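Here the structure comes first, spelled out in structure tokens, and everything after it is commentary.
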Amino acid sequence: MAIPAKEAVVIILDVGSSMSYVRAGKSRLESARNAVNLLVQQKLLFGKNDELGLVLAGTADTENRLAENGGYGHITMLRDVSLPDLELLRAIEAIEPAGRADHDADLLDSLIVALDMLIERTEGKKYSRRIFMVTDAAGPLNDADLDVVLQQFNRLDTALNIIGVDFSPEDED
């Protein structure tokens, strides 16, 4: 089977309260934004047909299609899946951490929102699909729907890449 000529990617950026933690003069969110910037720049330079979407997990507000039916709180679909541009890079630079623990989003819910974005854009079309999650993994994770999410990943043939931010123990400065 031929590899599709274009890729649809959704990046989930954790902006929850723990992402404001600072070590060696740099916050976790700053490190995460740098990683996301590099991903977007790579697509801008080398992935002429590739498309990107961006989800923020841990925002004060809730702005995503699935929230209309309840749940999926504090998750914002900042950018639907489309060709990347300089505006996306500017939007990433402006992202701030939520700063409040009561705004933390369930990381599995953010995966479900990202999958929904991929389904909406690519179902029935020839795309390779991938989700990047950039997180410190300190936020909540309700695994009740994990089996359903795994089935969707398999059905859509979607890859998941997790970029860990500050996963090293605190005593190793």
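Side-chain atoms are counted along with the backbone in the values below, which use heavy atoms only and exclude waters and symmetry mates. Computed from a predicted model, the values in this text were never measured in an experiment. Residue indices begin at 1 and follow the sequence shown.
Shown here for Ser17 and Asp104, the closest heavy-atom pair between the two residues is N-OD1, 2.8 Å. Nearest heavy atom pair, residue Glu30 against residue Gly25, reads OE1-O, 4.5 Å. In plain terms, the two heavy atoms of Glu87 and Arg90 that are nearest each other are OE2-NH1, 2.6 Å. Nearest approach of Ser18 to Ala138, heavy atoms of both residues: OG-CB, 3.4 Å. In plain terms, the two heavy atoms of Ala105 and Gly73 that are nearest each other are CB-O, 3.7 Å. Residues Gly53 and Met117 share a closest heavy-atom pair of CA-CE, 4.0 Å.
Remark: Asp109 pairs with no residue by the side chain to side chain donor-acceptor pair (under 3.5 Å) rule, at least two apart or across chains. Every residue was checked against the side chain to side chain donor-acceptor pair (under 3.5 Å) condition with Gln151, not counting sequence neighbours, and none meets it. Not counting sequence neighbours, the partners of Leu89 by the side-chain contact (heavy atoms from CB on, under 4.5 Å) test are Asn37, Val40, Gln41, Leu44, Leu86. Evaluation of the side-chain contact (heavy atoms from CB on, under 4.5 Å) rule for Glu120 yields Arg65 as partners, not counting sequence neighbours. By the side chain to side chain donor-acceptor pair (under 3.5 Å) test, Glu51 pairs with Arg121, Tyr127, sequence neighbours left out. Legend: residues meeting side chain to side chain donor-acceptor pair (under 3.5 Å) with Asp145, ordered by chain and number and at least two apart, are absent.
Screening residues 146-155 for salt bridge (Lys or Arg N to Asp or Glu O under 4.0 Å), with sequence neighbours left out, gives Glu123-Arg155. Annotation: ring-ring contact (aromatic ring centres under 6.0 Å, His included) contacts involving residues 66-95, sequence neighbours excluded, comprise His74-His103. Residues in residues 3-15 take part in these salt bridge (Lys or Arg N to Asp or Glu O under 4.0 Å) pairs, two or more places apart or across chains: Glu7-Lys43, Glu7-Arg130. Among pairs with a residue in residues 67-79, those fulfilling salt bridge (Lys or Arg N to Asp or Glu O under 4.0 Å) read Arg79-Asp85, at least two apart in sequence or across chains. Under the salt bridge (Lys or Arg N to Asp or Glu O under 4.0 Å) criterion, no residue pair touches residues 31-40, with sequence neighbours excluded.
The CG atom of Asp106 lies 9.0 Å from the CG atom of Asp143; values are rounded to the nearest 0.5 Å. We find the CG-OG1 distance between Leu150 and Thr158 to be 11.5 Å, quoted to the nearest 0.5 Å. Within the model, atoms CG of Asn64 and OG1 of Thr76 stand 7.5 Å from one another, a figure rounded to the nearest 0.5 Å. Taking CG from Leu66 and CD1 from Ile112, the interatomic distance works out to 8.0 Å, rounded to the nearest 0.5 Å.
Members clustered with Phe46: Leu45, by chain and number, using a 4.5 Å side-chain heavy-atom cutoff among hydrophobic residues.
For the pair Met77/Glu63, no side-chain contact is recorded, criterion being any heavy-atom separation below 4.5 Å from C-beta on. Proximity of Leu78 to Ile95: side-chain heavy atoms (C-beta onward) are separated by under 4.5 Å at one or more points. For the pair Asn142 and Leu108, the minimum side-chain heavy-atom distance is 4.5 Å or more. Side-chain contact between Leu13 and Leu29 is present, with heavy atoms from C-beta onward closer than 4.5 Å. The shortest distance between side-chain heavy atoms of Phe132 and Val36 does not fall below 4.5 Å. Residues Val9 and Asp50 fail the side-chain proximity criterion, which asks for heavy atoms closer than 4.5 Å.
Neither Leu160 nor Leu54 shares a network with the other; the hydrophobic side chains, linked directly or stepwise wherever heavy atoms of I, L, V, M, F, W or Y lie under 4.5 Å apart, form separate groups for each. Leu38 and Ile92 fall into different hydrophobic clusters, where Ile, Leu, Val, Met, Phe, Trp and Tyr side chains are chained together by heavy-atom contacts under 4.5 Å. A single hydrophobic cluster is seen to contain both Ile119 and Ile75, as judged by linkage of ILVMFWY side chains at heavy-atom distances under 4.5 Å, directly or through other members. Transitive grouping of hydrophobic side chains (ILVMFWY, heavy atoms separated by less than 4.5 Å) brings Leu107 and Leu118 into a common cluster. The cluster map of Ile, Leu, Val, Met, Phe, Trp and Tyr, joined by side-chain heavy atoms under 4.5 Å apart, puts Val55 and Leu115 in the same cluster.
A donor-acceptor contact shorter than 3.5 Å links the side chain of Arg129 to the backbone of Leu156.
Around NZ of Lys125, the count of heavy atoms belonging to other residues, nucleotides or ligands within 6.0 Å exceeds 12.
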For this session: Test side chain to side chain contact (heavy atoms under 4.5 Å, CB included) on Leu39 and Leu52 and set out the steps.
Result: CA-CA 10 Å; Leu39 289 169; Leu52 285 170; 6.0 Å; no
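For the pairing with Thr135, the side-chain contact (heavy atoms from CB on, under 4.5 Å) check across Ile162, Val15, Ile163, Val165 returns one residue only, Ile162. Considering Val22, Val134, Asp136 as possible partners of Arg28, the one that fulfils the side-chain contact (heavy atoms from CB on, under 4.5 Å) test is Asp136.
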